[in-house]
Every structure is written in structure tokens, then in C-alpha cells.
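Working notes for the structure below.
Throughout, numbering of the chain's residues begins at 1 and tracks the sequence.
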Amino acid sequence: MVLRAGTVVTGGRPVLAGMVLANALSLVGLVLLYRLMERHCGPAVSRDALVLLLACPGALFFSFPYSESLYLFLLMVFFWGLARQRWEWAAVAGFLLPLARPVGIFVLLPLAWFLWERGGPRWPGVRAGWERLGRAVAGLWRWRRRAPATERVATDSSSERLLWPADSFCHAGGKGQDAAPRAPLGGTPWLLLAAPLLGYALYFGLMYAWTGNAFEGFEAQKAYPNSPSIRNMFNLSGFWDALVNVGSLDGMTDGLLDRAFFVLVLVALPAVWRLNRVWFWYVLPAGLVPALTSWFMSYRRYVVVLFPVFVVVAQWLARTKSRWVFWYYVVVLAALQAWAVKQFVNFNWAG
């Protein structure tokens, strides 16, 4: 739909419109991403994370007419809407994200966690049970936890409720997130949670109107070499076979790069949890489901929008106290991206 509108400006030339839109949307999205990371983690970590992301092989698709640019832009509008308590931003972006890419529906999880930490919905029994479960798990794994400084806000009954734990964000000079909403949430949580569901429903409605089959998009994927399917998530032996099926560096179904990035996401998950709880609940489904359903096909394209992973890697590299280590990995990633661009412009598989 965006591309069709863009062709009006370019005189009916869709390739030109696609190139302009892809680069413009990615530029705005990357600027918003840097500002969002800087808000939480400080300029040094944010700069390094952005450099790592841009050097990643899958980042080449930010410059070509694919869905990454639009998805990144909408994702940043969504998270900025939460950060600034601009609920209309979050609702509109949440509605459009499932239309941009199927994984957009997974913003429901970070949104639900965001609202939960802000006291909504007020279900005392459920909240108490969740807290007991958390304490039990913490005791089981003997986590060493400091008593975190917390932000609190008085309720109408003069009691206090926890909003954002101070350790939900990285401590690298970032400003942290606004703790208290400017107004009571009221019915806002339900409206926000409904937005992605309505967007996904619209997707199925449009597909039905255009093809006569609401699930035609899923049917079309059966033509892919690895036939992505929700059933693949429960085929553990098949998933393991796909994981160890490494036959090339960047092949369509047996590429080492896709599997290496998946392992990186898995290793980074605990650090993302400590970094920012809301970001964790975004990375968890958006990072795991594509790998489990499609068995790593095009996985590097999914990784480039998992920005918290790059924040974590930037923090890890910063601990080495040697900039040459950071630049070594940047050069390696950039070289892989240059190879992927060469493949792409020669009509070969590039991810």
C-alpha cells in the first residue's frame, strides 16, 4: 500500500519508489533506534550497537524494497509511543506492524509486560500468583538479586505499586524510562492490546477479499524450499537436523550464518532480560519463532530488527577495553555484508 502511494510521486515507477521509500524509512527508523537506545543505555553503547547492526549482513535489506525498513520504522514508533506514553503512537504502530510483517503480532508480549509493570490490569490474585512464581524460580536457581531501587506512584487508595524496576535498563549512562504515566491508564491497556489483534484480523480479511482464502499467505509459503509451518515448532528432531545441516556459508537452507546468528540470539537472551524486560519479551518470540517455523531460512533478515541483541553485544565488546576487538567484528560483519550485496546484485541468494 505504501509502495502504491509512492509510485504516484515517482510517475508510476515502482522500483524507484521502492528504493526511495526503503532508504527513507530505514534512515528515519535508524535515527529513532539510536535515540531510543541512547535514552536507555547512553551514547557509547548506542553508537556501537548501531554500528554493529548496520554492519550485519542482513542490514543490506534496509536499502532495497523489502519489508525491513517499514517494519523497523513502525517498530520504533511503537517503542517510542511506550517510552513517551504516547498511546496513540503505540496503538497505530501496533495495528500496522502485523500488516508489515507477520512477526509484528508478537509486539503483544512486550506490550502486555509493559502494561503489567505499570499496574494494569488490576487482578490482585493473578498478580500475587505471578509474584510467588517469580520468587520460587529465583530461589530455585539461586539468583543473586540486589534489592532494586524502584519508582513508585501513589494510587487512589494511598498505597504504592511497583512501576519499573531500576535494573530493567542498562546502566551505561542512559536516562532510563519515564517511570510514571502522565494520566491513569483506565481502559488504555485494552485498547493497546486490541490494536495488533485488529491489525492481524485486517490482514486475514484483506487476504480473503483478494484471494478467497484468508490463509493464502500461509499456503504460498508451502512453495518455499523448507515449507515454513507452525507445525515445525513441535518437530524437535526436524529442527535439530536443520540446525546441524550446515553445508555452506550463506546458503538458502544450509547456511552457517543463519545458524550462527540464531545461537547468538539464544546466548544473548539472559542478558537482554537483565537489560530491559520489555525488550526481552520482544526478542523472545521475534527471535525464536522464525527460526523454529522456517528452520533458519532468511534468519539473518529477522536478526537485524532484534536491536536489543546488538545492544548486548556492544556491551560485551565494551568490557574487553580494547577497541580493536570491536572493530575486528565490525570489519568481519561488513565483509560478509559486502559479499551478500555482491550476491544480491548478481541475482544470487543473499538472505
Between T10 (side chain) and R13 (backbone), is there a donor-acceptor pair under 3.5 Å?
yes
When you look at CH2 of W80, are more than 12 heavy atoms from neighbouring residues, nucleotides or ligands closer to it than 6.0 Å?
yes
Kindly compute the distance separating CG (N232) from CG (L292), expressed to the nearest 0.5 Å.
9.0 Å
Any chance you could measure R274, atom CZ, to Q315, atom CD, to the nearest 0.5 Å?
9.5 Å
Working note: V77 + V92, criterion side chain to side chain contact (heavy atoms under 4.5 Å, CB included); need CA distance, chi angles, decisive distance, verdict.
CA-CA 9 Å; V77 173; V92 172; over 6 Å; no
Does one hydrophobic cluster hold both V20 and V9, with members joined at side-chain heavy-atom distances below 4.5 Å?
no
Under a 3.5 Å distance rule, please check whether N23 uses its side chain to pair with a backbone N or O of S63 as donor and acceptor.
yes
Compute the ring centroids of F106 and Y282, then answer whether they are less than 6.0 Å apart.
no
Salt bridge (charged side-chain N to carboxylate O under 4.0 Å, His left out) assessment of E38 paired with R47
CA-CA 8 Å; E38 183 185 38; R47 179 197 61 226; over 6 Å; no
In terms of relative ring orientation, are Y299 and F296 parallel, tilted or perpendicular, with 30° and 60° separating the classes?
perpendicular
Are D48 and R323 close enough for a salt bridge, meaning some N to O gap below 4.0 Å?
yes
Please determine if R101 forms a cation-pi arrangement with Y302, meaning its NZ or CZ atom is less than 6.0 Å from the six-membered ring centre and no more than 45° off the ring axis.
yes
Would the distance check show the side chain of R86 and the main-chain N or O of L82 forming a donor-acceptor pair, the cut-off being under 3.5 Å?
no
Taking the side chain as C-beta and beyond, is there a heavy-atom pair between W279 and F79 under 4.5 Å?
yes
Are the charged groups of R277 and E117 less than 4.0 angstrom apart, N to O?
no
Do the non-hydrogen side-chain atoms of L284 and V289 ever get within less than 4.5 Å of each other?
no
What about the rings of W113 and W273, do their centers lie closer together than 6.0 Å?
yes
I'd like to check L36 versus H40 (side-chain heavy atoms, cut-off strictly below 4.5 Å). Are they in contact?
yes
Nearest heavy-atom approach of V311 to C41 is CG1-SG, 3.8 Å
Between S69 (side chain only) and F62 (backbone N and O only), is there a donor and an acceptor less than 3.5 Å apart?
yes
Quick one: does P225's side chain get under 4.5 Å of M297's, heavy atoms only?
yes
Enumerate donor-acceptor pairs with a distance under 3.5 Å from any side-chain N or O in residues 234-245 to protein atoms, sequence neighbours excluded.
residue: N235; atom: OD1; partner: S237; partner atom: OG; Å: 3.1
residue: N235; atom: OD1; partner: G238; partner atom: N; Å: 2.9

Can you classify the ring geometry of Y328 versus W324 as parallel (below 30°), tilted (30 to 60°) or perpendicular (above 60°)?
perpendicular
Between F204 and Y200, is the gap from one ring center to the other below 6.0 Å?
yes
Could you check whether any side-chain heavy atom of E216 comes within less than 4.5 Å of a side-chain heavy atom of Y208, counting everything from C-beta outward?
no
